[in-house]
There are 2 protein chains.
Amino acid sequence: MRKRTETDISEPLDAETGLHARPNDHRTELRLWLRLLTCANLIEAEIRKRLRERFATTLPRFDLMAQLERAPDGIMLGELSRRMMVSNGNVTGLVERLVQEGLLERQVSETDRRAVRVRLTPHGKTVFAEMAKAHGDWLGELIGAMDESAQEDLWARLGVLKASVHKASEHDGAC
Amino acid sequence: MRKRTETDISEPLDAETGLHARPNDHRTELRLWLRLLTCANLIEAEIRKRLRERFATTLPRFDLMAQLERAPDGIMLGELSRRMMVSNGNVTGLVERLVQEGLLERQVSETDRRAVRVRLTPHGKTVFAEMAKAHGDWLGELIGAMDESAQEDLWARLGVLKASVHKASEHDGAC
DNA sequence: ACAATTTGTTTTAGGTCTAAATAAATCCTG
DNA sequence: CAGGATTTATTTAGACCTAAAACAAATTGT
């Protein structure tokens, strides 16, 4: 087993020159990631702020209600947890608070008494409709300075990024 | 003051036709926002996971140390809070934990005894250097399926989005 | 039937975050 | 110089989030 020295660089050889490729610091990737994060954080912070100010609610609560909107028969907590990509325990707490506020109702499944089905109450539906309208308008306001074709172009390019990340994290993670 | 009716739509008139523009549900903006959020969350979740698994640390701690990396003379807590865009109290707690771990050192300013300057310890510098290297490699892995020109193009387009959001949120918020 | 396993949820412990209240030092202004 | 305003950091209360353990109900394999 050889001992490492400073000149013993383990980077791969460059395919064309045959010389040691210089260690890659991934500057381009870092720059892209930081800007992506900035954009997401700017929008998210603004949405959170407005949800708090105008509806006295939070983004996680809004997201949970959004999942329930098109499921009139309700969703089980586990499924909700998967769709929202958060932990089970987290969903339990969120649902608890929303039930307290009268926006959600829980119903234990008759066929499987472990399972809890949760759905919007009529009041919850009304409230969510207002919030969803405002949410759409806010996005229009925040993103509106881009014309539609630029938005669609950006959307498509983010699709490439998304595919890249999925490929890399699945390869490393699950398999 | 007129009473609102269902046909009394307050949407602006279309400039060319002079007819009522149909209410905009901002579908394109919503789609773009959801994909942006997905991309950011995928990368962030993967980075958090790896920071925890390989360095037993968290993203906020890493971000804080990254801010200190190129400030050998240290930074005051308030300035750190501004740069990280999080609350003062949050920084106080993060710094407390990092000091406990021996990665940071605090120093009360001699000229202003309210102010606390914080910097990386030598050990903190060593540890951060390892983490930063791994962080860069992870980004290369996650984003690497995009070629460099595609990354730069996406970066530039996100710049347009960033400008749009800044314009809208500053107009509404501070001024 | 009944033990082992799986599935769905809740609990627990710990970290992250904010807004608001507080404490301490400094600055400003009459 | 005195007293109020401002700045800087900390504390507090509460929401959010996770991982891991605990718990309960249902299913499966003898």
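Note on naming: letters A, B, ... go to the chains in the order of the sequence lines (proteins, then strands), and numbering restarts at 1 for each one.
When hydrophobic clusters are built by joining Ile, Leu, Val, Met, Phe, Trp and Tyr residues whose side-chain heavy atoms come closer than 4.5 Å, directly or via intermediates, A/Val116 is not grouped with A/Met76.
Going from atom NE2 of B/His123 over to atom OG1 of B/Thr121 covers 7.0 Å, rounded to the nearest 0.5 Å.
Close approach of DNA chain C to chain B, defined as any atom under 4.0 Å from a non-hydrogen atom of the protein, starts and stops at C/dG15 to C/dT26. Of all nucleotides in DNA chain D, those with any atom nearer than 4.0 Å to a heavy atom of chain B start and finish, going 5' to 3', at D/dT7 to D/dA19.
Listed in residue order, the members of residues 124-132 of chain A having a heavy atom less than 4.0 Å from DNA chain C come to none. Listed in residue order, the members of residues 60-88 of chain A having a heavy atom less than 4.0 Å from DNA chain D are A/Pro60, A/Arg61, A/Met85, A/Val86, A/Ser87. A heavy-atom distance below 4.0 Å to DNA chain D is reached by these residues of residues 97-106 of chain A, ordered by number: A/Arg97.
Counting non-hydrogen atoms under 4.0 angstrom, A/Asp112 reaches the backbone sugars and phosphates but no base. Among the protein residues, A/Thr57 comes within range of no part of the nucleic acid, since none of its heavy atoms lies under 4.0 Å from any strand. Looking at heavy-atom distances under 4.0 Å, B/Leu94 makes contact with sugar-phosphate atoms alone, never a base. When heavy atoms are screened at a 4.0 angstrom cut-off, A/Thr92 is found touching base atoms of the nucleic acid. If you check every strand for non-hydrogen atoms under 4.0 Å, B/Arg48 touches nothing.
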Donor-acceptor list for residues 92-103 of chain A side chains, cut-off 3.5 Å, not counting sequence neighbours:
| residue | atom | partner | partner atom | Å |
| --- | --- | --- | --- | --- |
| A/Thr92 | OG1 | A/Asn88 | O | 3.4 |
| A/Glu96 | OE1 | A/Arg106 | NH1 | 3.1 |
| A/Glu96 | OE1 | A/Arg106 | NH2 | 2.9 |
| A/Glu96 | OE2 | A/Gln100 | NE2 | 2.8 |
| A/Glu101 | OE2 | A/Arg61 | NH2 | 2.7 |

Output a table of donor-acceptor pairs, distance under 3.5 Å, between side-chain atoms of residues 30-43 of chain B and any protein atom two or more places apart or on a different chain; print 'none' if there are none.
| residue | atom | partner | partner atom | Å |
| --- | --- | --- | --- | --- |
| B/Arg35 | NH1 | A/Trp155 | O | 3.0 |
| B/Thr38 | OG1 | B/Leu34 | O | 2.8 |
| B/Asn41 | ND2 | B/Leu37 | O | 3.4 |

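Partners of A/His135 by side chain to side chain donor-acceptor pair (under 3.5 Å), not counting sequence neighbours: none found. With sequence neighbours left out, the side chain to side chain donor-acceptor pair (under 3.5 Å) criterion links B/Arg113 to no other residue. Listed by chain and number, the residues in a side chain to side chain donor-acceptor pair (under 3.5 Å) with A/Ser87 amount to none (sequence neighbours excluded). B/Arg157 pairs by the side-chain contact (heavy atoms from CB on, under 4.5 Å) definition with A/Asp153, A/Leu154, A/Arg157, B/Asp153, not counting sequence neighbours. Residues meeting the side chain to side chain donor-acceptor pair (under 3.5 Å) test with B/Asn90, sequence neighbours left out: none.
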